[in-house]
Protein chains: 2
Amino acid sequence: MSKRAAYHHGDLKAALVESALALIAERGVAALSVAEVARRTEVSSGAPYRHFPSRQALLVAAATTAARNLTARFEATCPWTGLPGSDPVANLGASAAVYTLFTAEHGFGLDLIFAAELRGDSDEDLLDAGRAVMEPPLQAALSITGGDAKAALNLVERAFAAAHGYATLWRSGLYADRQATVDDAAADAAATARILARAIQNP
Amino acid sequence: MSKRAAYHHGDLKAALVESALALIAERGVAALSVAEVARRTEVSSGAPYRHFPSRQALLVAAATTAARNLTARFEATCPWTGLPGSDPVANLGASAAVYTLFTAEHGFGLDLIFAAELRGDSDEDLLDAGRAVMEPPLQAALSITGGDAKAALNLVERAFAAAHGYATLWRSGLYADRQATVDDAAADAAATARILARAIQNP
DNA sequence: GTCTATACTAGGATAGAC
DNA sequence: GTCTATCCTAGTATAGAC
């Protein structure tokens, strides 16, 4: 029996999201096409529309899944922030490294998760995932600023702007001359985050 | 006489590049299309191909023009780096702010100017423009590191990764909740650059 | 040097068969 | 719930008229 005839998905919807994430990782958000996703999932070009009404809806689903993965990675990275003996500066640095790796590999990060165009649909799942995602690094930042919420938000913004920049510039090939790997970019992002954190502690 | 019949460009090529930059600024690099550029320049869809053999060539020309503009803006921002009495930390901060403004407004920055896909064509103009663009901030960084070239490159990378991140995250609408303007993002980028510079001076 | 016209490709989305 | 077939839109690029 042929490949396609054999294809009985228990969960085509999830498989489509996986293919979409892989396609975005390879070619970027702009290159996401429902037709190509269908091809990679080995279903017909019309099949995805039974699960997603539009390309946009598929993109929202992919961003939501990715946001949840990112949250999980953050939680795994700094699970003990706030407990005595933990090092919040190290945790924030580790979060920045995680974010750079995530964004460089996925081809998107907070830019898509919080993109106005996607959130405008009042998509509750993505809104919830977006709300949750920055909690772990914010907790680390709050430890660093001694509970000052405004300063903590500022620190997180700084650290993650830098981490986002490293990821996107690495992805564009800017550091390719130096044969820098994505891990080098992540290490640089972590070092930058630690410098920024220490500057807040000792103004 | 009709609009189009009246259109006699002294320099259609330059006008096409201008339209391309405006289109990218509005809708992003991915949305650049020769057809739309022709429409905006009020020429036929075939006309651009007399000046650019492909969409890619038009993109290279736009990136080259933008790179030269950015260099000029850098030079205007910190013209006195190295002279006695100048403040290289302030100059680096100002460069970061300029870069954030430039990138947020144009929809691209170093990512496109140094993009491997565009430079692969051995396009000499773009290569030259790319080589020149980072010179002013590098001079400021060299003043800060006391002539240590490696540390200066590192500092510039850090400062501009952060500036790039602020620009792209601002462009994605991430800070829209807070009603932050692009000038706020640029000010944040400058502050971050100054913190990173001071951390190098007092390790 | 620009215009019109056209060949070709690709994707978004829908309808109806099974 | 998936497939096939189709419509429509949009873009890249070329050819030949003027």
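Nothing here was measured: the structure is a model prediction, and the numbers come from that model.
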Query raised in the report: CG of B/L32 to CD1 of B/I24: how many Å apart, nearest 0.5 Å?
Result: 4.5 Å

Query raised in the report: Quick one: are the ring centres of B/F108 and B/Y99 less than 6.0 Å apart?
Result: no

**Report entry** Under the side chain to side chain contact (heavy atoms under 4.5 Å, CB included) test, residues paired with B/V182 that sit two or more places apart
**Finding:** B/L101, B/A104, B/W170

Report summary line: Residue pairs meeting side-chain hydrogen bond (donor to acceptor under 3.5 Å, both in side chains), one or both in residues 124-134 of chain B, sequence neighbours left out, come to B/D128-B/R131

Query raised in the report: For nucleotides 13-18 of chain C, read 5' to 3', which letter fits each nucleotide if B means a protein heavy atom sits under 4.0 Å from the base, S means only the sugar-phosphate is that close, and - means neither?
Result: BB-B--

Query raised in the report: What's the closest nucleotide to the B/R39 side chain, out of C/dG11, D/dG11, C/dC3?
Result: D/dG11

Report task. Whole angstrom is fine here: how far is it from CG in B/L32 over to P in D/dA10? Result -> 17 Å

Report task. Only pairs at least two apart or in different chains count here, so list each salt bridge (charged side-chain N to carboxylate O under 4.0 Å, His left out) that has a residue in residues 91-114 of chain B. Result -> B/R73-B/E105

Report summary line: Of all heavy-atom pairs linking B/A38 and B/S45, the shortest is CB-CA, 3.9 Å

Report task. Only pairs at least two apart or in different chains count here, so list each ring pair (Phe, Tyr, Trp, His ring centres under 6.0 Å) that has a residue in residues 109-156 of chain B. Result -> none

Query raised in the report: Rounded to the nearest Å, what distance is computed from the CD atom of residue B/E42 to the C1' atom of nucleotide C/dC3?
Result: 15 Å

Query raised in the report: Tell me, which of residues 16-29 of chain B have any heavy atom that sits under 4.0 Å from an atom in DNA chain C?
Result: none

Query raised in the report: Would A/T41 and A/S19 count as having a side-chain donor-acceptor pair, cut-off 3.5 Å?
Result: yes

